[in-house]
Amino acid sequence: MNYDYYTSNNNGQDDYGLKYIDHQGYGRICKDYKIEFPMQHQDKQPGMEYLMTPRPIFNNPYYLAAGKLYSKVAIITGGDSGIGRAVAVGFAKEGAIVVIVYYDEHKDAEETKEFIEKLGGTCILIAGDIKDTNFCDKIVDETIKEYGRIDILVNNAGVQYQQKSLLDITDEQFDLTMKTNIYSMFYLTKRVLKHMKPGASIINVTSITTFKGEPELIDYVTSKGAIVGFTRSLATNLADKNIRVNAISPGVFWTPLQPACWEAEKIPTLGSDAPMGRAGHPYEIAPLFIYLASDDSSYVTGQVMHINGGEYKG
């Protein structure tokens with residue numbers, strides 16, 4: 001692939017390459033960044049993958065499956081696109097039956113389902129609003145009716161909204177972010193848990209921003225911090241039942257949430273301040289979900305696992 005180059009040179013105004021400030025207020029000199037993702041923006045959350053340029057890479061054709069999730073039933077929220085799509089495909093390769101829960105991204109969801117079925121996998125789609133407790137009931141009821149069990153729950157769905165200041169975050173936005181990112185996780189996990197047996201796995205998605213902070217995502221970071229506490233407490237609570245609960249903390253990944261959140265000018269520098277100098281693609285994180293969902297991680301619970309190109313060491 002041939003790359004153009006982007007040089008940040010705007011006196012520090014909304015300078016997304018300028019990340020490190022010393023005690024005197026001087027920032028590190030910005031460097032050149034490869035433009036892997038051209039400027040783009042979507043006006044609707046959580047974003048549409050089919051509109052992105054380039055499309056995220058969700059499948060690793062060289063991945064060798066070993067049947068680690070054979071016949072297990074997995075519910076994945078936000079499984080239509082981004083990280084959720086890569087996880088759904090990875091789970092299907094390992095033999096899982098995949099239940100994809102999504103909001104209204106029907107084209108993305110159908111693409112994911114079609115890809116899984118071409119692999120020989122089984123996938124059903126359930127569309128709706130996970131902030132609604134009745135919809136959470138529907139997810140569980142339809143899964144149990146169709147397959148009679150639930151072995152894995154991946155709480156992946158979420159939203160994030162860029163705001164320059166706390167004063168710009170409306171009460172309505174804060175409420176929406178919290179209900180989408182953490183309330184829904186509580187609602188669905190509580191209902192799924194009634195059907196889980198020893199050996200089951202719950203995987204929650206938090207964020208690198210929980211550990212670093214992000215000045216323009218205050219409400220999002222607050223919700224993702226709550227997920228860490230929820231994960232650790234629930235893991236301890238369920239340990240004697242041999243139901244494992246872990247979290248994954250992604251750094252910057254090229255998913256629909258990025259153009260749906262950030263102003264277009266930020267997109268070219270996504271991930272550029274990580275030591276590896278780039279954002280991740282969804283296929284690069286999917287194997288970690290497979291590990292936590294499978295018996296390979298039978299002695300792992302209450303953990304937060306980081307994958308971020310070296311940006312945060314925790």
Side-chain angles (χ1 to χ4, degrees), residues 42 44-49 73-88 91 96-110 112-113 123-147 150-161 172-196 200-207 210 217 219-231 234 245-248 250 255-257 260-261 282 289 293:
Q42 297 183 27
K44 183 180 178 182
Q45 290 265 2
M48 304 290 182
E49 186 160 318
V73 177
I75 296 175
I76 305 171
T77 67
D80 59 289
S81 61
I83 289 174
R85 171 183 280 186
V87 173
F91 279 13
I97 296 166
V98 179
V99 178
I100 290 178
V101 178
Y102 69 102
Y103 184 47
D104 64 355
E105 307 89 335
H106 302 299
K107 182 176 175 64
D108 285 344
E110 290 292 344
T112 306
K113 184 175 188 290
C123 172
I124 63 169
L125 305 177
I126 306 178
D129 188 349
I130 55 175
K131 301 191 304 296
D132 182 348
T133 56
N134 292 325
F135 178 61
C136 291
D137 287 329
K138 177 183 177 181
I139 295 167
V140 174
D141 291 345
E142 288 194 11
T143 302
I144 292 298
K145 180 180 179 181
E146 190 73 22
Y147 302 115
I150 302 172
D151 303 290
I152 304 161
L153 171 62
V154 177
N155 287 308
N156 167 68
V159 295
Q160 64 179 36
Y161 300 92
E172 291 76 17
Q173 179 186 310
F174 185 84
D175 190 55
L176 174 62
T177 300
M178 296 301 289
K179 285 186 174 178
T180 304
N181 294 0
I182 184 64
Y183 278 42
S184 64
M185 189 175 294
F186 170 81
Y187 297 151
L188 185 55
T189 302
K190 183 178 178 180
R191 286 156 175 78
V192 166
L193 192 57
K194 297 175 183 178
H195 301 277
M196 283 188 154
S201 176
I202 299 169
I203 306 170
N204 302 323
V205 178
T206 180
S207 168
T210 299
L217 297 176
D219 53 337
Y220 173 80
V221 177
T222 301
S223 70
K224 291 297 181 174
I227 291 170
V228 172
F230 178 69
T231 298
L234 186 61
V245 188
N246 293 285
I248 294 177
T255 72
L257 203 58
C261 166
F289 285 84

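This is a predicted model, so every value here is computed, not measured.
With values rounded to the nearest 0.5 angstrom, His195 atom NE2 is found 12.0 Å from Leu153 atom CG. Taking OH of Tyr102 as the start and CD1 of Ile126 as the end, the distance is 10.0 Å to the nearest 0.5 Å. Atom CG of Leu188 sits about 10.5 Å away from atom CG of Leu193, to the nearest 0.5 Å. Of the inter-residue distances, the one linking Ile139 atom CD1 with Ile100 atom CD1 reads 12.5 Å to the nearest 0.5 angstrom. The OG1 atom of Thr133 lies 6.5 Å from the OH atom of Tyr187; values are rounded to the nearest 0.5 Å. From Gln160, atom CD reaches atom CD of Gln173 across 10.5 Å, with rounding to the nearest 0.5 Å.
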**Item:** Criterion side chain to side chain contact (heavy atoms under 4.5 Å, CB included) on Met196 and Ile202, from CA distance to verdict
**Value:** CA-CA 10 Å; Met196 283 188 154; Ile202 299 169; 3.8 Å; yes

**Item:** side chain to side chain contact (heavy atoms under 4.5 Å, CB included) assessment of Ser207 paired with Leu217
**Value:** CA-CA 11 Å; Ser207 168; Leu217 297 176; over 6 Å; no

**Message:** Evaluate Ile144 against Ile150 for side chain to side chain contact (heavy atoms under 4.5 Å, CB included), listing each step before the verdict.
**Reply:** CA-CA 7 Å; Ile144 292 298; Ile150 302 172; 3.9 Å; yes

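In this view, Lys44 and Asp104 satisfy the salt bridge (charged side-chain N to carboxylate O under 4.0 Å, His left out) rule, not counting sequence neighbours. Residues forming a side chain to side chain contact (heavy atoms under 4.5 Å, CB included) with Glu146 (at least two apart in sequence, or on another chain): none.
Minimum interatomic distance between Ile248 and Pro250 (heavy atoms only, all atoms of both residues): O-CD, 3.2 Å. For the residue pair Pro256 and Gly47, the shortest heavy atom distance occurs at CB-C, 3.6 Å. The minimum heavy-atom distance linking Lys138 with Ala127 is given by the pair NZ-O, 4.5 Å. The two atoms that bring Ala293 and Ile152 nearest to each other are CB-CD1, 3.8 Å, heavy atoms only. The two atoms that bring Tyr161 and Asp219 nearest to each other are O-OD1, 4.2 Å, heavy atoms only. Taking each heavy atom of Gly158 and Leu257 in turn, the nearest pair found is O-CD1, 3.7 Å.
Pairs engaging residues 220-231 under the salt bridge (charged side-chain N to carboxylate O under 4.0 Å, His left out) rule: none recorded [sequence neighbours left out]. The list of salt bridge (charged side-chain N to carboxylate O under 4.0 Å, His left out) pairs with a residue in residues 125-134, not counting sequence neighbours, reads Asp129-Lys131. Contacts classified as salt bridge (charged side-chain N to carboxylate O under 4.0 Å, His left out) and involving residues 174-196 (residues at least two apart or in different chains) are given here: Asp137-Arg191, Asp175-Lys179.
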Could you list the donor-acceptor pairs under 3.5 angstrom formed by side chains in residues 77-85, with sequence neighbours left out?
unit_1	atom_1	unit_2	atom_2	d
Thr77	OG1	Val154	O	3.4
Thr77	OG1	Asn156	N	2.8
Thr77	OG1	Ala157	N	3.0
Arg85	NE	Asp80	O	3.1
Arg85	NE	Thr112	OG1	2.7
Arg85	NH1	Glu49	OE2	2.9
Arg85	NH2	Asp80	O	3.4
Arg85	NH2	Asp108	O	2.9
Arg85	NH2	Glu111	OE1	3.2
Arg85	NH2	Thr112	OG1	3.3

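Within the 3.5 Å criterion, the main-chain N or O of Ile203 finds no donor-acceptor partner in the side chain of Asn246. Looking at Gln42, its side chain does come within 3.5 Å of a backbone N or O of Met48 through a donor-acceptor pair.
For Tyr147, the OH atom counts as densely surrounded, since its 6.0 Å shell holds more than 12 non-hydrogen atoms of other residues, nucleotides or ligands.
Checking each of Val99, Val192, Val101, Ile97 against Thr143 for a side-chain contact (heavy atoms from CB on, under 4.5 Å) leaves exactly one that passes, namely Val99.
With contacts defined as side-chain heavy-atom distances shorter than 4.5 Å, the pair Thr189/Phe230 qualifies.
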